[in-house]
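Values reported hereafter were calculated over all heavy atoms of this structure, with side chains retained and with hydrogens, waters and symmetry mates removed. A note on names: the letters A, B, ... follow the listed sequences, proteins ahead of strands, and every chain is numbered from 1.
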There are 2 protein chains.
Amino acid sequence: MTEANTRNRQPSMADVARTAGVSAQTVSRALRDSPNVNPETRRRVLAAVDELGYRFNNAAKMLSSGRSHSIGLVLLQSGGYYSRSAVTAGVEAAAGRAGYSVSIATIADLDTAQMERSLSKLADQGVDGIVIAVPLISVTRKMEDITSDIPTVTVDGSRTAGARVLGIDQREAGRVATQHLLDLGHRQVWHVAGPDEWIEARQRRQGWQECLAAAGIEAPPPLEGDWSPRSGYRQGQILAMIPDVTAVFAASDEMAFGLIKALREKGRAVPGDVSIVSVDDIELAAYCHPPLTTVRQDFYRSGEAAVALLLDDESAAQTEVAAATLSVRSSTAAPRTR
Amino acid sequence: MTEANTRNRQPSMADVARTAGVSAQTVSRALRDSPNVNPETRRRVLAAVDELGYRFNNAAKMLSSGRSHSIGLVLLQSGGYYSRSAVTAGVEAAAGRAGYSVSIATIADLDTAQMERSLSKLADQGVDGIVIAVPLISVTRKMEDITSDIPTVTVDGSRTAGARVLGIDQREAGRVATQHLLDLGHRQVWHVAGPDEWIEARQRRQGWQECLAAAGIEAPPPLEGDWSPRSGYRQGQILAMIPDVTAVFAASDEMAFGLIKALREKGRAVPGDVSIVSVDDIELAAYCHPPLTTVRQDFYRSGEAAVALLLDDESAAQTEVAAATLSVRSSTAAPRTR
DNA sequence: CGAGACTATGTTATCGATGCCATGAGTAAC
DNA sequence: GTTACTCATGGCATCGATAACATAGTCTCG
């Protein structure tokens with residue numbers, strides 16, 4: 001009589017079975033694999049499903065099969081909207097294709113306690129696997145416990161006992177960027193790095209250092225930002241006060257935006273006085289002024305690869321590497337000849 | 001002997017009960033509410049939980065309680081990395097605070113079939129509620145079925161029978177932006193809109209039209225982009241060929257970036273010759289050249305509000321409105337006096 | 001034509017937590 | 001001192017699907 005009454009409970013497999021005139025087990029078989037089910041029976045079952053608007057109960061399925069067919073994704077709330085979205089999309093797409101759903105757990109800051117909480121939350125949900133898309137600073141006992149129970153992949157190169165590592169070669173990105181500047185004739189390359197807790201940041205910095213070292217150049221002290229355009233702007237103000245700077249490698253496009261703004265304000269033209277290379281190749285990189293020369297990395301593919309690594313037991317040891325390719329635009333040029 | 005063997009099944013409530021010397025039922029009570037449990041008993045239970053590393057089984061809980069304590073979030077893969085991330089973060093944060101987890105389902109394009117599939121997927125997972133963060137073009141029977149079974153909130157203003165609507169007043173954004181240009185002395189304001197299927201886009205366009213109408217100005221035909229900087233660039237090339245254009249309202253910051261680039265290339269200075277206002281206030285808006293005057297909208301808050309609306313039955317009819325505030329920077333100026 | 005293999009289907013136990021009811025201990029009230 | 005009631009806890013059925021086992025019928029082949 002009341003409205004609540006109209007909302008009967010969802011039909012169950014037993015209801016379908018009754019309607020189709022078969023047993024629940026047969027319904028289960030008809031709906032999943034199909035080793036041995038009479039086509040005619042299956043037709044009847046499907047008809048009944050359709051008629052009743054049956055929708056299988058995931059909880060029950062999960063309870064009896066022990067698998068949730070869902071994977072967890074740990075993200076950082078701040079810091080690089082771009083790569084975060086791209087990884088998410090890649091993970092979700094690959095998971096979806098494999099019949100898995102994705103649960104997200106974001107952490108506000110790179111903080112051990114929050115990380116533990118997120119992992120616990122995902123573990124409580126019973127995810128079959130976890131993709132960690134943020135750097136693990138220090139791995140606690142509790143994290144180890146969880147990651148050794150549940151297959152885990154980290155996409156940033158952090159290591160923990162149970163977790164496989166998907167290597168995106170960030171050093172390569174640093175090398176490519178730096179080498180490009182050297183090739184243009186610059187004698188020195190400065191660097192605005194990301195936060196040191198991020199493996200990405202460390203690796204890019206390493207690539208930069210290695211590249212300079214290989215060219216026999218002593219690297220200047222790196223400046224450090226936090227990925228944000230604002231931090232790039234800050235560091236740019238500092239760089240603008242150093243006379244000899246002709247080339248800068250920024251660890252992210254967003255920081256490069258800030259960098260350019262600061263340099264311009266101090267009367268340093270880009271690329272006339274200072275060349276800038278960064279990493280990410282976000283969509284806007286081509287539409288700022290000047291268009292950014294930047295190293296493209298396929299985060300979407302990384303997300304996909306992470307899921308593949310997670311679900312495919314065979315390729316256990318395989319760590320895929322996303323190649324780094326340079327998009328040359330107009331923020332770099334040969335140094336001004338004196 | 002084999003490695004598989006080492007991975008014993010997770011301890012269950014019964015195991016905890018045995019260890020603590022109580023019944024499973026008592027464990028259940030001790031771990032949840034607490035109407036009638038002896039403090040000493042609870043202590044023993046908690047100790048046992050800790051000792052065994054017990055982690056409750058979500059599937060079982062869900063099966064017996066009928067609630068999954070998870071909500072689904074439908075996102076569009078492409079189109080505006082920014083707002084997508086912000087909404088996601090807001091949803092996840094609010095859901096997390098309420099003890100809910102978030103499952104995502106992305107769709108590649110605005111396509112009815114994909115939308116149906118995503119909703120089905122979420123429904124199959126047994127989510128307790130759904131937040132739809134993409135526009136529903138046409139609502140099919142199947143979608144209605146799902147949204148009437150499961151509480152649903154759409155954050156973009158699309159309407160469907162079962163879904164509540166979280167109104168973010170996009171018309172207001174359009175009005176604020178247009179009015180700003182008129183206040184500066186512009187006699188006409190052009191518009192580069194988002195795709196017409198997006199309610200956001202339509203509403204912003206309406207706001208623009210209404211504002212012009214109120215000022216007694218006949219609106220020029222709107223141009224249409226797809227939110228991407230590239231599409232802004234295309235439309236900018238067209239606008240640059242029209243002599244009288246002095247002010248443009250772009251429906252997103254990203255399109256404004258493209259617009260500015262195109263105008264600049266055709267020799268039209270921003271804001272000297274053409275003023276530009278857009279919407280979103282992404283972080284980079286302040287760091288491009290010139291810094292964008294743009295309307296800020298708090299998508300994070302929208303995400304939070306959507307969850308609140310979903311979980312809080314009381315405020316059923318309440319549609320929260322995120323205010324639109326203008327960030328005035330340097331992409332707008334008074335028109336050149338002749 | 002009978003043994004073994006294979007097909008299509010039904011029966012029963014089970015996953016792990018919870019809801020409901022039962023029970024015994026302690027306690028307040030008359 | 002018996003009634004009535006609360007508190008703390010245990011026992012059992014249950015949620016819905018599945019795995020494992022069971023069974024009746026069909027087919028194949030020597």
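For the residue pair A/Thr19/A/Glu51, the side-chain donor-acceptor check at 3.5 Å is not satisfied. Side-chain contact, A/Gln125 with B/Ser70: no donor N or O sits under 3.5 Å from an acceptor N or O.
Using a 4.0 Å cut-off between charged nitrogen and carboxylate oxygen, B/Glu40 and B/Arg43 count as a salt-bridge pair. Ion pairing between A/Arg18 and A/Asp15 holds under the 4.0 Å rule for side-chain N and carboxylate O.
Residue A/Phe56 contributes atom CZ, which lies 8 Å from atom P of D/dT18 at whole-angstrom precision. Regarding B/Arg43, its CZ atom lies at a distance of 17 Å from the C1' atom of D/dA8, rounded to whole Å. Atom CD of B/Gln125 is separated from atom C1' of D/dA17 by 17 Å (rounded to the nearest Å). Residue A/Arg67 contributes atom CZ, which lies 15 Å from atom P of C/dG16 at whole-angstrom precision. With rounding to whole Å, A/Asp15 atom CG is found 13 Å from D/dC15 atom C1'. Look at CG on A/Leu63: it is 12 Å from P on C/dT18, rounded to the nearest Å. Per the geometry, CZ belonging to A/Arg42 stands 13 Å off C1' belonging to C/dT9, to the nearest Å. Atom-to-atom, CD of A/Gln25 to P of D/dA22 comes out at 15 Å; the value is rounded to the nearest Å.
Residue contacts for A/Val27: at a heavy-atom cut-off of 4.0 Å it reaches no nucleic acid atom on any strand shown.
Between A/Thr41 and C/dT9 there is a side-chain N or O to OP1 or OP2 distance below 4.0 Å. For B/Lys61, no side-chain nitrogen or oxygen approaches OP1 or OP2 of C/dG16 to under 4.0 Å. Considering only side-chain N and O atoms, B/Ser28 lies nowhere under 4.0 angstrom from the phosphate OP1 or OP2 of C/dA17. Between A/Ser23 and C/dG10 there is a side-chain polar atom (N or O) within less than 4.0 angstrom of OP1 or OP2.
Nearest-nucleotide positions on DNA chain D for A/Met13 and B/Pro39 put B/Pro39 closer to the 5' end.
Side-chain N/O atoms of B/Arg29 and base N/O atoms of C/dG19 include no donor-acceptor pair closer than 3.5 Å.
In the set D/dG10, C/dT9, C/dA17, the nucleotide with an atom closest to the side chain of A/Thr26 is C/dT9. Across C/dA17, C/dC20, D/dA17, the shortest atom-to-atom separation from the side chain of B/Asn57 is found for C/dA17.
Between A/Val16 and A/Leu52 the shortest side-chain heavy-atom distance falls below 4.5 Å.
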